[in-house]
Chemist: 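There's a structure below that I have some questions on.
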Amino acid sequence: MKVAAPSQASRRSAVAHFARLRTSKGQSNPFPIYANLRSLGPILPAPWGGHLVTGFDLCDHVLRSREWLEPDRQWRSRQGGGTRWDSPSATEMSKTLPCLNPPDHTRVRRSAGSFDRATIERLGRAVGRVTDLLLDSVAEQVQDGEADFVDLVCEQLPVATIGSWLELPTADLPRLRELTHDQVFTQELLPSASQLALSDAATAELRAYFTELVRERRRHPGDDPISRWIATWDTLEPDRDQADEAVYYLALFVLLAALETTSTMLATTVLLLLERPEWWSRLAARPDLVPGFVEESLRYDPPTQVISRVAHHDGVLGGMEVRKDDMVHLMIAAAHRDPERHPDPERFDPLRNPGHLAFSGGAHYCMGAPLARLETHTLLRHLTERLPRLALARRPSWAPRVAFRRLLNLDVVLA
Ligand code: HEM
């Protein structure tokens with residue numbers, strides 16, 4: 001097989017594209033930048049080392065392959081001191097589910113359980129009630145002018161849902177939401193020192209919160225996931241403190257995993273609907289088209305735009321030489337518009353039934369996908385049925401970052 005050498009020209013070109021991608025302006029429409037990156041080939045050297053993968057089939061292959069691992073604790077320690085990988089927040093993350101490899105990953109993932117049909121049905125009733133209350137506040141505000149849909153709905157529904165599932169006190173939810181916004185920086189592609197400091201502080205506060213919560217649930221167990229995880233871990237781990245620690249990492253990560261991603265999914269899907277007024281009445285008349293609209297939104301503009309893996313050993317990926325421990329960044333949002341995978345990929349087509357990697361693939365496939373879909377389907381059904389058509393007051397703005405997309409506002413008026 002022919003092995004390509006990293007080209008200086010493509011490295012320089014990737015630097016320029018990334019500089020643009022990391023700004024609010026670049027995030028307001030990153031797709032031409034992704035198209036330029038893709039035109040350099042399905043895999044290219046990353047400016048800071050490792051590789052960027054933009055081809056759909058290659059991304060899919062890496063996610064499903066056992067040859068590619070999560071950057072776990074052992075990998076992080078091999079990167080040496082003084083890097084982003086040994087910051088307190090990164091060290092804490094390294095013990096959570098998505099940073100584990102087998103056999104640890106298999107054991108912890110099994111202990112976490114899954115969203116079965118009965119749980120989704122029960123949560124569905126709570127999601128429906130909360131959605132209606134949130135839409136009431138939008139309906140009220142647009143009577144007098146504008147409403148910020150992100151602030152009133154997209155930021156509220158995911159935290160209310162996770163709060164209801166984990167049975168968290170309602171008064172704690174706004175603070176948990178704020179902390180999650182800060183914590184996520186440690187999971188970003190290229191966090192700055194000040195962003196890492198915010199993330200470290202948020203991680204410490206979240207540790208204190210969830211450690212106490214687990215202690216409280218051990219003292220007073222109920223019929224909730226945290227109490228069930230304690231019971232499960234007591235059968236797996238003879239040391240109670242170790243069992244509580246494992247439950248803490250599960251609770252911490254489901255909160256972190258659920259909030260920003262789902263808020264972004266709700267906001268992006270509603271934005272795509274606002275931009276296509278003909279679909280408002282179509283979805284109101286045919287709620288069965290809602291799931292297709294949501295899946296196409298996940299393809300077209302996924303909340304998690306980059307997923308990273310590291311090489312288990314020396315080898316070749318897409319004709320490019322890779323060394324053990326090299327990191328590859330799977331540019332999911334670019335791969336979703338790979339014309340080799342989706343014909344006419346720039347066209348938003350809710351009827352296309354797309355394959356996408358928005359929830360990852362393989363062993364780390366998102367545990368919360370049924371919940372994220374439940375919330376988005378419920379919101380679109382209730383929104384199109386209940387409210388007369390809304391219109392965008394202005395283009396929204398996006399946070400200046402790359403891996404976790406975030407809409408900062410979505411100002412709407414009555415159409
Ligand atoms: C639109 C919303 C969401 C998106 C786009 C999303 C995306 C993802 C992605 C891309 C991964 C895999 C990361 C990797 O492969 O390294 C993942 C993992 C995970 N997600 Fe989600 N997620 C969403 C919502 C949720 C929710 C609501 C929950 C929890 C209730 C959740 C829980 C998890 C967990 C526990 C994992 C780790 C799975 C593992 O490593 O085995 N996610 N998610």
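When a ligand or atom number is given, it counts from 1 through the structure's own listing order.
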Chemist: Checking R337 against Y34: charged group under 6.0 Å from the ring centre and within 45 degrees of the axis?
Modeler: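 Not satisfied by the 6.0 Å and 45° rule.
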Chemist: Looking at E275 and R395, is any side-chain nitrogen of the basic one under 4.0 Å from a carboxylate oxygen of the acidic one?
Modeler: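 Salt bridge between R395 and E275, a charged N being under 4.0 Å from a carboxylate O: yes.
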Chemist: Does L100 have a heavy atom less than 4.0 Å from any atom of ligand 1?
Modeler: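 No, L100 has no heavy atom closer than 4.0 Å to ligand 1.
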Chemist: Ligand 1 and T262, any nitrogen or oxygen pair closer than 3.5 angstrom?
Modeler: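 No: no nitrogen or oxygen of T262 is under 3.5 Å from one in ligand 1.
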Chemist: A257 heavy atoms, cut-off 4.0 Å: which ligand 1 atoms fall inside?
Modeler: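 Taking each heavy atom of A257 in turn, ligand 1 has 20 (N), 23 (C), 24 (C), 25 (C), 31 (C), 32 (C), 33 (C), 42 (N) under 4.0 Å.
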Chemist: Say whether S308, considering both its backbone and side-chain N or O atoms, lies within less than 3.5 Å of an N or O atom on ligand 1.
Modeler: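 In this structure, S308 places no N or O atom under 3.5 Å from an N or O of ligand 1.
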Chemist: Just to be sure I'm reading this right: ignoring hydrogens, which of A363, P158, A358 gets closest to atom 7 (C) of ligand 1? Compare them by their nearest heavy atoms.
Modeler: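 Looking at heavy atoms only, the winner is A358.
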Chemist: If you measure from the Lys or Arg side-chain nitrogens to the Asp or Glu carboxylate oxygens, is any gap between R341 and D60 under 4.0 Å?
Modeler: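 No, R341 and D60 are not salt-bridged.
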Chemist: Check each of T268, T261, I332 against atom 3 (C) of ligand 1 and report the one with the nearest heavy atom.
Modeler: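 Nearest option to atom 3 (C) of ligand 1, by heavy atoms: T261.
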Chemist: Taking only non-hydrogen atoms of E375, do any sit less than 4.0 angstrom from ligand 1?
Modeler: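 No, E375 has no heavy atom closer than 4.0 Å to ligand 1.
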Chemist: Can you check side chain to side chain contact (heavy atoms under 4.5 Å, CB included) on V138 and F149, steps first, answer last?
Modeler: CA-CA 7 Å; V138 174; F149 204 87; 4.1 Å; yes
Chemist: Could you check whether any side-chain N or O of Q156 sits under 3.5 Å from a backbone N or O of L134, counting only pairs where one atom can act as donor and the other as acceptor?
Modeler: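 No, the answer is negative, given that no donor and acceptor are paired below the 3.5 Å cut-off.
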Chemist: Quick one: does Y365 get an N or O within less than 3.5 Å of an N or O on ligand 1?
Modeler: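 N/O-N/O distance below 3.5 Å does not exist for this pair.
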Chemist: Flag H364 as yes when one of its N or O atoms lies below 3.5 Å from any N or O atom of ligand 1, and as no otherwise.
Modeler: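 Between H364 and ligand 1 (N or O atoms, distance only) the closest approach is under 3.5 Å.
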Chemist: Backbone N or O of F404 within a donor-acceptor pair of the Q305 side chain at under 3.5 Å?
Modeler: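 Looks like no, no N/O pair under 3.5 Å.
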Chemist: Relative to W279, does R276 satisfy both conditions: NZ or CZ under 6.0 angstrom from the six-membered ring centre, and within 45 degrees of the ring's axis?
Modeler: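 Checked: cation-pi criterion not met.
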Chemist: Would you mind finding which of P370, A372, P71, C366 brings a heavy atom closest to atom 25 (C) of ligand 1?
Modeler: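 Heavy atom nearest to atom 25 (C) of ligand 1 belongs to C366.
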Chemist: Looking only at distances, can you tell me whether any N or O atom of R309, backbone or side chain, sits closer than 3.5 Å to an N or O atom of ligand 1?
Modeler: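 N/O-N/O distance under 3.5 Å: yes.
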